[in-house]
Amino acid sequence: MLTKTKIYLSSPHMGGTEQKFVNEAFETNWIAPLGPNVNGFEDDIKRALGGNHEVAVLSSGTASIHLALEIIGVSQGDEVLCQSFTFSASANPILYLGGTPVFIDSERDTWNMSPELLEIAILDRIEKYKKPKAIIAVHLYGMPYKANEINAIAEKYGIPVVEDSAEALGSKYKGKACGALSDFGILSFNGNKIITTSGGGALITKTKGLKDKAVFLSTQARDDAPHYQHSQVGYNYRMSNVLAGIGRGQMEVLDARVAARRANYEFYKAHLAQLDTIEFLEEPTGSLSNRWISCVKTDSFETREKIRMALFEDDIESRPLWKPMHQQPVFKDCLHFTDGTSEDLFEKGLCLPSGSNLTETDLQRIVTIILNTPNS
Ligand SMILES: *Cc1c(COP(=O)(O)O)cnc(C)c1O
């Protein structure tokens with residue numbers, strides 16, 4: 001009997017040398033949130049981002065956003081402008097600090113923060129309350145947001161930008177690496193991301209001073225004294241040297257992972273673009289997406305659900321696009337500047353299996369099901 005294996009949306013894909021770095025950690029007894037793998041992983045990321053930024057590896061992408069906002073000085077009563085079309089981890093840290101999220105809708109070209117709505121929101125908040133404390137923009141699914149336009153607006157009003165690049169390691173915008181385009185960048189190495197340490201993240205800063213500040217806060221804000229002395233609240237957010245070993249191995253295959261995910265997208269496009277019920281998101285000129293997830297927008301909620309259920313019946317995981325934050329119960333009272341774009345994407349969009357470990361047979365199995373789904 002033929003048995004089909006389950007196809008996941010995005011599963012970890014080891015390169016082969018990860019265990020060597022992990023074993024080194026054991027052999028040298030660096031089983032701690034510091035050590036050679038932590039330093040080596042930070043150097044590898046720094047190089048991948050072009051060499052001009054500083055990197056602090058932390059316990060998660062969420063922790064990295066939390067520390068970026070903490071360093072910016074977000075506190076009780078501050079508003080932070082955040083892309084609505086994203087994963088909840090982009091916005092949750094605003095609440096950890098007592099701040100208030102204000103959500104901004106996406107534009108059609110990139111599915112990311114609309115520069116127009118961003119400026120409308122800034123002007124509204126300045127007039128009715130006070131200047132927002134920070135902007136969180138997201139390169140969703142690996143597609144770069146319009147960083148030049150977002151940065152220009154941010155600079156015009158003097159508001160720092162946190163670049164949520166959790167899904168976009170390996171993506172490029174006008175030749176520059178995503179994660180290193182704004183005041184602060186963050187990466188995630190969660191199990192579903194393009195490379196993984198099982199769990200982990202990084203905060204990217206423009207100066208060594210800011211990196212040192214992040215490391216200080218992530219290791220319980222310990223003052224320079226022989227005893228344990230603390231003058232401010234700290235966090236336990238540093239990455240383990242064992243997990244950083246996985247990261248070092250994964251960095252060796254990052255380029256191959258980007259190429260494989262981009263090839264998935266090309267395969268889907270080549271086989272499905274003829275359907276008039278399905279649309280793909282093209283890269284704007286100057287943008288290179290790592291295609292972390294290959295997404296499609298269908299013509300209706302019904303088409304989307306038919307495809308999703310047909311895949312599910314064959315043990316293939318697919319998922320609706322992110323539900324916008326302004327529609328989430330937990331953020332129901334938050335202000336939002338929206339025009340229906342992300343609501344439409346949530347209603348009709350689907351994430352297709354996108355792992356770098358998918359085989360041609362897997363991809364063929366997926367497109368065959370979609371092509372055979374009635375009305376699609
Ligand atoms: C995964 C993700 C995060 C959070 O990263 P973790 O490492 O899981 O904490 C933040 N933002 C976006 C857009 C993500 O996809």
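Counting starts at 1 for both ligands and their atoms, following the listed order. Note that these values count all heavy atoms, side chains included, but never hydrogens, waters or copies made by symmetry. Please read all numbers here as calculations on a predicted model, not as lab measurements.
For CZ of Phe312, the number of neighbouring non-hydrogen atoms (other residues, nucleotides, ligands) closer than 6.0 Å is 12 at most. Heavy atoms of other residues, nucleotides or ligands lying less than 6.0 angstrom from OH of Tyr129 number more than 12. No more than 12 heavy atoms of other residues, nucleotides or ligands shown are found within 6.0 angstrom of CD on Glu360.
For atom 15 (O) of ligand 1, the closest non-hydrogen atom on the protein side is Glu167 OE2, 2.5 Å. Atom 1 (C) of ligand 1 has as its closest protein heavy atom Lys193 NZ, 1.7 Å. For atom 11 (N) of ligand 1, the closest non-hydrogen atom on the protein side is Asp164 OD2, 2.7 Å.
From Ile72, atom CD1 reaches atom CG of Leu67 across 11.0 Å, with rounding to the nearest 0.5 Å.
Salt bridge status for Arg304 with Asp299: absent, with no side-chain N to carboxylate O gap under 4.0 Å. In summary, Arg291 and Glu266 do not engage in a salt bridge, as defined by a charged side-chain N under 4.0 Å from a carboxylate O.
Listed by atom number, the atoms of ligand 1 under 4.0 Å from Gly200 heavy atoms are 7 (O). Near Ser90, the atoms of ligand 1 lying under 4.0 angstrom from a non-hydrogen atom of the residue are 11 (N), 13 (C). Counting the atoms of ligand 1 from 1 in the order shown, those under 4.0 Å from a heavy atom of Ala89 are 3 (C), 4 (C), 10 (C).
Nearest to atom 14 (C) of ligand 1 by heavy-atom distance, out of Ala166, Ala63, Ser88, Gly61, is Ala166. Evaluated by nearest non-hydrogen atom to atom 7 (O) of ligand 1, the leading choice among Pro93, Ser188, Ser59 is Ser188.
With a 4.0 Å heavy-atom cut-off, ligand 1 is reached by the backbone of Thr62 and by its side chain too. If you look at Val138 next to ligand 1, the close heavy atoms, those under 4.0 Å, all belong to the side chain.
When each of Lys208, Lys211, Lys46 is tested with Glu54 by the rule side-chain hydrogen bond (donor to acceptor under 3.5 Å, both in side chains), just one qualifies, namely Lys46.
Between Thr86 and ligand 1, no pair of N/O atoms sits closer than 3.5 Å. When only interatomic distances are considered, the shortest N/O to N/O separation between Trp322 and ligand 1 does not fall below 3.5 Å.
The backbone N or O of Tyr157 sits less than 3.5 Å from a side-chain atom of Lys131, completing a donor-acceptor pair.
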